Amino acid sequence: MSDALAGEPTWRVRELLAASLAAPDFYFDALSQVHIDSWSTGRVALVGDAAWCASPASGAGAELALVGAHRLAVALATDPGDHRLAFSRYHDSHRALVRAKQKIGPDIRLMVPRTALGRRIRETLARLPLLPALAAIERLTRTKGPSPLPQLDRARPGQAGMRSGEVRGRLVSCRNAA
């Protein structure tokens, strides 16, 4: 960080940098994403941030983790005994949502600009009453949410051959799910 900001002549950058580096509780982190081709190997599959961390700025971590875990459960229940097919189905059903959530839009680029010009634009925009207009634009351009998730049929206690709460290896439609 010192090297990256060493030549920065504006405002109080040197003073703030020196104070930050001298503070015993200073914390600095990068906004990062995980991009890997496959979320499984052998009989092990990854879910959540381990597979596709979309970055803290995306606001999609919980959604991706919960939807991903559900889709993995559905894939495993649909293809019992064939984890390779189940993992492939899981990957195929979830990849599009992950890609969409990993796209960092113009709003994050405005918050964390890479250039001096970008910082000047951000500071100028911050002084203008644009927040309602930007919120309206985001609502209009927001991608459609994930498609409804399939429901798993659960066995009822005492049902022949099934333990209480055990998941059957078939899907039922959302309309017929109890």
Side-chain angles (χ1 to χ4, degrees), residues 1 4-5 27-126 128 130-154 167-177:
M1 192 165 74
L5 298 174
Y27 176 78
F28 180 79
D29 197 5
L31 295 179
S32 302
Q33 293 185 334
V34 174
H35 293 268
I36 55 178
D37 293 331
S38 177
W39 302 329
S40 64
T41 184
R43 295 184 59 79
V44 176
L46 300 173
V47 294
D49 286 350
W52 55 70
C53 179
S55 120
S58 72
E63 174 189 4
L64 288 174
L66 292 170
V67 172
H70 183 84
R71 287 182 171 159
L72 176 58
V74 168
L76 289 167
T78 302
D79 299 305
D82 189 349
H83 65 277
R84 289 179 299 272
L85 183 58
F87 291 166
S88 177
R89 183 184 308 274
Y90 154 62
H91 184 274
D92 293 345
S93 70
H94 198 49
R95 180 60 82 175
L97 178 62
V98 168
R99 281 194 184 120
K101 298 297 181 177
Q102 285 185 323
K103 290 181 182 173
I104 295 181
D107 53 341
I108 191 67
R109 289 189 190 98
L110 283 174
M111 290 187 328
V112 187
R114 294 182 181 179
T115 65
L117 175 61
R119 289 190 297 275
R120 285 194 296 277
I121 291 170
R122 176 196 61 202
E123 291 161 6
T124 301
L125 290 175
L128 299 174
L130 296 176
L131 198 55
L134 290 174
I137 290 169
E138 182 183 352
R139 281 191 300 276
L140 292 172
T141 60
R142 184 179 300 151
T143 58
K144 184 181 172 187
S147 57
L149 297 174
Q151 300 296 312
L152 293 173
D153 189 13
R154 293 190 177 274
V167 176
R168 291 185 193 173
R170 70 178 183 87
L171 298 175
V172 295
S173 78
C174 295
R175 288 183 294 268
N176 295 333

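All figures in this text were calculated on a predicted structure; none of them were measured in a lab.
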Arg89 and side chain to side chain donor-acceptor pair (under 3.5 Å): which single residue from Asp79, Asp82, Thr78 fits?
Asp79

Does Val34 reach the side chain of Leu46, with side-chain heavy atoms less than 4.5 Å apart?
no

Report the residues that fulfil side chain to side chain contact (heavy atoms under 4.5 Å, CB included) with Ala60, sequence neighbours left out, ordered by chain and then residue number.
Ser58, Glu63, Leu64, Lys101

Check Ala45 against Leu72 and note the closest heavy-atom contact, atom names and distance.
CB-CD2, 4.3 Å

CH2 on Trp52 to CZ on Arg95, rounded to 0.5 Å
9.0 Å

Going by the side-chain hydrogen bond (donor to acceptor under 3.5 Å, both in side chains) test, which pairs reach into residues 35-51, not counting sequence neighbours?
Gln33-His35, His35-Gln102, Arg43-His83

Is the closest side-chain heavy-atom distance between Tyr90 and Val74 below 4.5 Å?
no

Under 3.5 Å donor-acceptor, Ser88 side chain and Arg84 backbone
no

Measure the shortest side-chain to side-chain distance between His70 and Val67 over non-hydrogen atoms and say whether it is less than 4.5 angstrom.
no

Can you sort out the partners of Arg119 under salt bridge (Lys or Arg N to Asp or Glu O under 4.0 Å), two or more places apart, ordered by chain and number?
Glu8

